[in-house]
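Chain identifiers are assigned alphabetically (A, B, ...) following the order of the sequence lines, protein sequences preceding nucleic acid strands; residue numbering begins at 1 within each chain.
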Amino acid sequence: MGEKFDISYVFTFFPKLAGTLQTTLLIVGGALLTGLIVGFLVALPRLYKVPVLQRISQLYASFFRGTPILIQLFLFYYGLPEILKLAHIDVSRAPVLAFVVLTYGLHTGAYVSETIRSAVASVDRGQVEAAYSVGMSGYQAFTRIVMPQALAIAVPVLSNVILALLKDTSLAFSLGVMEMTGKSQSLATLTNHFVESYISLALIYLVISIILERLLLFLERRLLRHESRPAEAYPVFRRERFGRLRQFFTRERRVRFREETR
Amino acid sequence: MIKLTGITKSFGRNQVLQGIDLQVEKGEVVVILGPSGSGKTTLLRCINYLERPNAGRIAIGDFEVDCERAGKKDIHALRGKSAMVFQHYNLFKHKTVLENVMEGLVIVQRMPKETARRRSVEVLEKVGLGEKLDAYPSQLSGGQQQRVGIARALALGPEVILFDEPTSALDPELVGEVLAVIRRIAKEGITMIVVTHEMGFARDVANHVVFMDGGAIVEEGAPKDIFNKPQEERTKQFLKRIMPEPAYSI
Ligand SMILES: Nc1ncnc2c1ncn2[C@@H]1O[C@H](COP(=O)(O)OP(=O)(O)OP(=O)(O)O)[C@@H](O)[C@H]1O
Ligand SMILES: [Mg+2]
């Protein structure tokens, strides 16, 4: 089976696979957006202990966290149209991609809701009371005091969710979506150079993952800058790498402020 | 100036405040003493409406609420009259020292940013933190954090500042610096209600001492009367336990 290994195929496949990257990123982006919105909405009843909705949101999270994403894809793609048919809604013409984004979105939303819930719970109650005592409303206390800190706590966890999402999108090809993995499959069958195709594919995932990881790490550092002595807390190489950006954000501002107070 | 009338509060079946009446004049420093669980924290929290009293009236300055009828607006107005300093500081951890103090001025009092900044810097200098404006709470000692807490309350310009055991979470060597700051602002004539176990502080700074037990005020009066010749048996017991030595040697 397969042709003799030829490294040059890895390079010729590379741009061809990269051409379908936008489909992969579309799924990631769409699912992430859906997931953040759904996750936030679903977290609310549990944060505010709304009787019935709280149970429903728990059930939702259990289902999407407790069953394989592949099964979820099949259930939504084959099952949802049947259910909607009962309500006389015809979705047989809807693009496959819509089902895929919806499924990944709800899947991600389950993790997002869990993350938000625990992040908000970890901001200590005393700060909220302090916010009330200076006269803030409940809304102001939530948006100005709780949210920013919860976000900082949530970002590392969300980073994992995003990276997992990126890799999970490779399962969308089982519904025939021509994203990267699907494309690599067809290139491989076409040329009989399987291994080269998969190497090329792995490389692209790796590069995207690394880029995403770096971006998220940077965001995390920014959001967590209040956590004990920022400068000393980071390893030296990071400090230098992000030095210039940090300078822009912190030192500049401080200088400006000193001038104003003078 | 501040007048509490018949404040009661229960948690479930446990009645924690049994109808508290208390009057505090403008510029007075009132120290509340009492054993653990006597309801001191709950009383302060009621004045700031962090707990909702079951009944009674709270008057601060020209504003008065009936606790059974208080709506959102009343609570907001009442909180605008008082400020609280917490045992565990409760600083906003994601904000710098300066931002902690400015937050209430800008967000709640809608002060222009520049004015708020100038006022905050001024107050922070007063508590000895003029050099720490851009530090985050995690970079400060407990004593410094509590002084930020005091600055945050002071900057709001409240009619009364409520202190709930402001030094009891501190290492012994840091207690002094915080008490010194509270002493200093007391001298400026700011009305304060202080729950504390620092008897030396109570004796020197208080104009009025209130002894609470079992959710009621057992005895109150000038510090020298309460410390030297307490009338009630419970007060005597409490003082003997907390200060084995006589308060004043003759
Ligand atoms: N949120 C609450 N829920 C239920 N019970 C409470 C609550 N807060 C306080 N209590 C009870 O109210 C009583 C008075 O508590 P409070 O904290 O006011 O006492 P305290 O005088 O401040 O004591 P300490 O000196 O230990 O701080 C205690 O019996 C406590 O268990
Ligand atoms: Mg207490």
Side-chain angles (χ1 to χ4, degrees), chain A residues 119-156 219-234 246-247 249-262, chain B residues 44-45 47-51 72 75-96 98-110 113-114 117-118 120-122 125 130 133-140 148-149 152-153 155-156 158 161-162 164:
Chain A
V120 166
S122 66
V123 177
D124 72 300
R125 178 80 199 145
Q127 289 186 59
V128 178
E129 297 198 330
Y132 288 154
S133 84
V134 302
M136 284 192 213
S137 64
Y139 175 77
Q140 285 170 331
F142 186 75
T143 53
R144 299 204 49 93
I145 306 303
V146 179
M147 268 290 274
Q149 292 182 68
L151 205 62
I153 296 166
V155 164
L219 182 66
E220 186 186 328
R221 296 268 139 104
R222 286 296 306 151
L223 289 170
L224 281 176
R225 68 193 185 284
H226 59 277
E227 288 283 331
S228 82
R229 299 158 227 260
E232 291 99 284
Y234 302 153
R246 180 166 305 116
Q247 198 172 358
F249 283 112
T250 54
R251 206 168 305 161
E252 285 254 285
R253 202 175 46 182
R254 217 171 295 156
V255 170
R256 224 184 311 140
F257 167 62
R258 281 222 190 88
E259 280 160 6
E260 280 162 13
T261 47
R262 228 175 255 145
Chain B
L44 286 194
R45 290 168 60 84
I47 300 175
N48 207 233
Y49 243 88
L50 290 174
E51 300 292 355
K72 260 196 174 153
I75 295 171
H76 190 257
L78 193 69
R79 284 187 182 145
K81 303 268 173 192
S82 62
M84 186 113 170
V85 174
F86 298 87
Q87 183 174 4
H88 299 285
Y89 336 130
N90 296 358
L91 299 183
F92 307 133
K93 293 200 178 77
H94 62 309
K95 294 189 177 291
T96 63
L98 182 65
E99 288 165 346
N100 261 278
V101 180
M102 281 175 64
E103 187 72 8
L105 301 180
V106 175
I107 300 304
V108 180
Q109 303 189 350
R110 310 244 166 244
K113 265 205 164 142
E114 262 322 301
R117 176 171 285 173
R118 237 174 289 128
S120 304
V121 171
E122 191 183 301
E125 276 166 0
L133 302 180
D134 293 325
Y136 286 98
S138 63
Q139 298 167 307
L140 301 178
V148 177
R152 177 172 69 184
L156 296 167
I161 303 184
L162 312 166
D164 187 16

Give the intermediate values and the outcome of side-chain contact (heavy atoms from CB on, under 4.5 Å) for residues A:V134 and B:E103. CA-CA 9 Å; A:V134 302; B:E103 187 72 8; 5.7 Å; no
In Å and rounded to the nearest 0.5 Å, what is the [atom1] to [atom2] distance from [X] to [Y]?
{"X": "B:H94", "Y": "A:L223", "atom1": "NE2", "atom2": "CG", "value": "10.5 Å"}
{"X": "B:K93", "Y": "A:Q127", "atom1": "NZ", "atom2": "CD", "value": "4.5 Å"}
{"X": "B:I161", "Y": "A:S133", "atom1": "CD1", "atom2": "OG", "value": "11.0 Å"}
{"X": "B:N48", "Y": "A:Y132", "atom1": "CG", "atom2": "OH", "value": "12.5 Å"}

Could you look at A:A152 and say if it's the side chain, the backbone, both or neither that has a heavy atom under 4.5 Å from chain B? neither
Side-chain polar contacts of residues 84-91 of chain B - donor-acceptor pairs under 3.5 angstrom, sequence neighbours left out - could you list them?
residue: B:Q87; atom: NE2; partner: B:S168; partner atom: OG; Å: 2.8
residue: B:N90; atom: ND2; partner: A:G126; partner atom: O; Å: 3.1

Members of residues 138-148 of chain A whose heavy atoms come closer than 4.5 Å to chain B: A:Q140, A:R144, A:I145, A:P148
For chain A, the option from B:R45, B:Q109, B:R118, B:K72 that forms the most heavy-atom pairs under 4.5 Å: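 Max contact count across the listed options: B:R45.
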Heavy-atom pairs under 4.5 Å with chain A: which of B:L50, B:I107, B:L156, B:L162 has the most? B:I107
Which heavy-atom pair separates B:R152 from A:A130 by the least distance, and what is that distance? NH2-CB, 3.4 Å
